[in-house]
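Report on one structure; see the data block that follows.
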Amino acid sequence: MCYHIYLAAGPEELVRHYGRRADLVEELPTPGRVCAFSHRPYPVVTGDERIQPFRWGLIPFWTRSSADVVTIRNQTVNARAETIFEHAAFRVPVRRRRCLIPVSGFYGWRHERDRKIPMFVTLEDRPLFSLAGIYDSWHCPQGGGPAMTFSIVTTEANPLMRHIDNANCRMPVILSPGDEERWLTPGLTDAQIAALLKPYPDRTMRSEPVPSDFA
């Protein structure tokens, strides 16, 4: 599973890394550590020329009532690669609305008897990298602008992540540099999309325990 991510890069670094426009760079947050269930704005990269702030926890476009939003988005912070093409909330976004979630690292919890040990996971050779995401646009029936929200796609864990996330054996889909723009390419077939949703090789992944006061 992936419920906590960390981003140290500021707006200017994101713009340079992804080759996007800097027009609205001051409106982008530099979020630090983010919990999925806080639903805070987070910088997301789409096929658009700008990097935009979306909120974590996908609200499907077909959601009818604002009363359903909290329940739904808490259930859609992650999208399983194995069922993403059939899931009612994800099957349209994965085919039409794919995005990149920039991170400096993410967190996993190792279970040891009655303890849960938080671990911070990074890539040795990439201080800024992308998780595979999907997004949607929802219009509240009571009016207002569209709510732009996203989910992070997860897949089966590689050996390192099986050791860390030993309760669920899951990990977020980490995209290689060459696959980042491909993930955003319109018109990919289901097979081409599925081919990108694989466990990342663990040879350059590193993990370290987080201090015990981590909340």
Side-chain angles (χ1 to χ4, degrees), residues 1-3 5 14 17-20 36 42-52 54-63 72-73 75-103 105-106 108 121-126 128-138 146 148-165 167-205:
M1 312 305 287
C2 182
Y3 297 144
I5 55 180
L14 294 177
H17 181 88
Y18 293 102
R20 296 308 197 261
Y42 194 92
V44 170
V45 181
T46 67
D48 194 273
E49 292 182 334
R50 296 169 299 168
I51 300 174
Q52 302 168 78
F54 292 178
R55 294 179 186 269
W56 196 353
L58 186 144
I59 306 172
F61 69 90
W62 42 257
T63 303
I72 290 175
R73 71 189 313 178
Q75 297 172 346
T76 59
V77 294
N78 289 168
R80 293 177 66 94
E82 297 86 343
T83 57
I84 198 168
F85 294 102
E86 292 79 39
H87 195 290
F90 305 142
R91 60 192 178 199
V92 173
V94 74
R95 293 179 172 102
R96 301 181 186 175
R97 305 183 190 107
R98 295 182 295 277
C99 61
L100 305 174
I101 312 303
V103 298
F106 59 91
V121 182
T122 57
L123 297 187
E124 183 180 74
D125 56 343
R126 298 169 60 193
L128 175 62
F129 57 99
S130 300
L131 307 182
I134 57 176
Y135 70 97
D136 214 337
S137 174
W138 177 70
M148 305 300 295
T149 56
F150 69 92
S151 294
I152 290 175
V153 185
T154 67
T155 187
E156 60 182 314
N158 62 24
L160 173 68
M161 289 305 301
R162 281 199 298 272
H163 175 76
I164 294 173
D165 189 15
N168 299 298
C169 293
R170 305 292 296 174
M171 67 179 292
V173 173
I174 301 171
L175 296 168
S176 67
D179 286 335
E180 289 179 345
E181 286 299 326
R182 180 165 176 75
W183 177 249
L184 301 180
T185 302
L188 295 182
T189 66
D190 288 4
Q192 290 171 325
I193 295 169
L196 298 172
L197 301 179
K198 304 300 182 184
Y200 193 79
D202 64 357
R203 61 182 178 272
T204 63
M205 296 179 67

Tell me, do [X] and [Y] make a side-chain contact under 4.5 Å, heavy atoms counted?
X      : Y      : value
Ile193 : Phe85  : yes
Val44  : Leu100 : no
Ile101 : Ile5   : yes
Thr46  : Ile51  : no

Drop me the distance from [X]'s [atom1] to [Y]'s [atom2], to the nearest 0.5 angstrom.
X      : Y      : atom1 : atom2 : value
Asp165 : Met171 : CG    : CE    : 10.0 Å
Leu58  : Ser137 : CG    : OG    : 10.0 Å
Tyr42  : Ile152 : OH    : CD1   : 7.5 Å
His87  : Ser151 : NE2   : OG    : 8.5 Å
Trp138 : Arg55  : CH2   : CZ    : 12.5 Å
Met148 : Arg97  : CE    : CZ    : 8.0 Å

For the pair [X] (side chain) and [Y] (backbone), establish whether a donor and an acceptor sit closer than 3.5 Å, ignoring hydrogens and angles.
X      : Y      : answer
Thr76  : Ile72  : yes
Arg20  : Glu49  : no
Ser130 : Leu175 : no
Asp125 : Thr204 : no
Arg98  : Val94  : yes

Can you give me the closest heavy-atom contact between [X] and [Y], atom names plus distance?
X      : Y      : result
Leu197 : Ala132 : CD2-CB, 4.5 Å
Val77  : Gly57  : CG1-CA, 3.9 Å
Cys99  : Leu184 : CA-CD2, 3.6 Å

Worksheet item: For Arg126 and Glu180, what are the C-alpha separation, side-chain angles and deciding distance, and is it a salt bridge (Lys or Arg N to Asp or Glu O under 4.0 Å)?
Response: CA-CA 13 Å; Arg126 298 169 60 193; Glu180 289 179 345; 3.4 Å; yes

Item to complete: Check whether the side chains of Tyr200 and Thr155 place a donor and an acceptor atom closer than 3.5 Å, and report yes or no.
Response: no

Discussion item. For Tyr135, run the ring pair (Phe, Tyr, Trp, His ring centres under 6.0 Å) check against Phe54, Phe90, Trp56, Phe61 and tell me which one passes.
Written reply: Phe54

Fill in: Crowding at CD, Glu86 (>12 non-hydrogen neighbours, <6.0 Å)
yes

Practice prompt. Scan residues 184-203 for pairs that pass salt bridge (charged side-chain N to carboxylate O under 4.0 Å, His left out), counting only residues two or more places apart or in two chains.
Written response: Arg95-Asp190

Worksheet item: Can you pull the salt bridge (charged side-chain N to carboxylate O under 4.0 Å, His left out) pairs that have at least one residue in residues 150-160, sequence neighbours excluded?
Response: none

Worksheet item: Excluding sequence neighbours, so at least two apart, what forms side-chain hydrogen bond (donor to acceptor under 3.5 Å, both in side chains) with Thr154?
Response: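 Result, side-chain hydrogen bond (donor to acceptor under 3.5 Å, both in side chains) vs Thr154: Arg170.
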
Worksheet entry | Worked check of side-chain contact (heavy atoms from CB on, under 4.5 Å) between Leu123 and Ile174 | CA-CA 10 Å; Leu123 297 187; Ile174 301 171; 4.0 Å; yes

Practice prompt. Indicate the ring-plane relationship of Phe106 and Phe129, choosing parallel, tilted or perpendicular according to the 30° and 60° boundaries.
Written response: perpendicular

